[in-house]
Amino acid sequence: QVQLVESGGGLVQPGGSLRLSCAASGRTFSNMGWFRQTPGNEREFVAAINWNGGSTYYSDSVRARFAISRDNNRNTVYLQMVSLKPEDTAVYYCAADDSGPSTLVAGYRYWGQGTQVTVSS
């Protein structure tokens, strides 16, 4: 059974940094991504990465501040977040699929449970 487990969320002050991790059980997926969601809003795309890390994709709101990477030996994808803002506060979800890289929720079959990121002073 496929499992994606996120970790690394927490409370951070504005301007601070966090690194999220997502470990996939048992296999390497071709494409992995990060999404985030706030109460009452739809899940939105944050970043995605292809199978070898050679192609990465970002939403405009995080492009200059977040970096997605992966370690296929560990079946793990990371999201390094710097210069965090209060508007980055959300539950962050890891997603995985074997189709082409996607910025859409519908482009991913497998999802983690989410990890809370709160940016507040």
Side-chain angles (χ1 to χ4, degrees):
Q1 183 177 355
V2 172
Q3 220 175 359
L4 302 178
V5 179
E6 301 102 333
S7 61
L11 173 65
V12 63
Q13 292 187 341
S17 301
L18 280 176
R19 188 177 80 154
L20 305 182
S21 300
C22 172
S25 61
R27 60 172 288 198
T28 299
F29 289 91
S30 295
N31 302 291
M32 299 191 76
W34 288 96
F35 289 72
R36 65 188 182 186
Q37 189 170 22
T38 54
N41 293 307
E42 293 186 353
R43 198 165 295 188
E44 67 170 4
F45 170 74
V46 175
I49 190 167
N50 76 329
W51 70 277
N52 67 353
S55 296
T56 56
Y57 310 84
Y58 297 95
S59 68
D60 289 342
S61 62
V62 308
R63 185 180 308 277
R65 302 182 295 119
F66 292 8
I68 189 170
S69 61
R70 66 189 297 167
D71 182 345
N72 288 342
N73 291 325
R74 299 174 186 259
N75 292 338
T76 300
V77 65
Y78 304 97
L79 185 68
Q80 178 69 51
M81 306 184 293
V82 302
S83 301
L84 282 161
K85 305 174 181 180
E87 51 264 43
D88 294 317
T89 296
V91 177
Y92 283 71
Y93 295 91
C94 173
D97 204 278
D98 289 315
S99 60
S102 177
T103 63
L104 303 176
V105 170
Y108 295 88
R109 179 177 180 185
Y110 302 102
W111 292 84
Q113 294 295 313
T115 185
Q116 176 71 46
V117 171
T118 303
V119 184
S120 175
S121 55

Could I get the full list of side chain to side chain donor-acceptor pair (under 3.5 Å) partners for [X], not counting sequence neighbours?
X	result
Gln113	none
Thr38	Asn41
Glu44	Arg36
Ser59	Ser61

[X] side chain near [Y] side chain, heavy-atom distance below 4.5 Å:
X	Y	value
Met32	Cys94	yes
Leu11	Gln116	no
Val77	Trp34	yes
Val2	Arg27	yes
Gln80	Ser17	yes
Pro86	Pro14	yes

Taking all heavy atoms of [X] and all of [Y], pick out the closest pair and write down the distance.
X	Y	answer
Asn50	Pro101	CB-CG, 3.9 Å
Gly16	Val12	CA-CG2, 3.7 Å
Trp111	Val105	CZ2-O, 3.5 Å
Ala48	Tyr108	CB-OH, 3.5 Å
Asp97	Arg109	OD2-N, 2.7 Å
Ala47	Leu79	CB-CD1, 4.1 Å

Measuring from atom [atom1] of [X] to atom [atom2] of [Y], what distance do you get when rounded to the nearest 0.5 angstrom?
X	Y	atom1	atom2	value
Thr56	Ile49	OG1	CD1	6.5 Å
Ser30	Asn52	OG	CG	10.0 Å
Thr118	Asp88	OG1	CG	11.0 Å

Legend entry - Any residue meeting salt bridge (Lys or Arg N to Asp or Glu O under 4.0 Å) with Arg63, in chain and number order, not counting sequence neighbours: Asp60
Legend entry - Side-chain donor-acceptor pair present, Thr28, Asn75, cut-off under 3.5 Å: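 Yes.
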Legend entry - Gln37 side-chain N/O to Val91 backbone N/O, donor-acceptor pair under 3.5 Å: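 Checking the backbone N and O of Val91 against the side chain of Gln37, no donor-acceptor pair under 3.5 Å is found.
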Legend entry - side chain to side chain contact (heavy atoms under 4.5 Å, CB included) between Val117 and Leu18, worked out: CA-CA 9 Å; Val117 171; Leu18 280 176; 3.9 Å; yes
Inset, instruction - Could you please spell out the steps behind the side-chain hydrogen bond (donor to acceptor under 3.5 Å, both in side chains) verdict for Asp71 and Thr76? - result: CA-CA 5 Å; Asp71 182 345; Thr76 300; over 6 Å; no
Legend entry - More than 12 heavy atoms from other groups under 6.0 Å of CD on Glu87: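 Enclosed.
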Inset, instruction - If a pair satisfies ring-ring contact (aromatic ring centres under 6.0 Å, His included) and one of its residues is in residues 53-101, list it, with sequence neighbours excluded. - result: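 Qualifying pairs, neighbours excluded: none.
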Legend entry - Same cluster (ILVMFWY, side-chain, under 4.5 Å), Leu4 and Phe45: no
Inset, instruction - Walk me through it: do Thr115 and Leu20 pass the test side chain to side chain contact (heavy atoms under 4.5 Å, CB included)? - result: CA-CA 8 Å; Thr115 185; Leu20 305 182; 4.0 Å; yes
Legend entry - Pi-cation contact, Trp51 with Arg70 (under 6.0 Å, within 45°): no
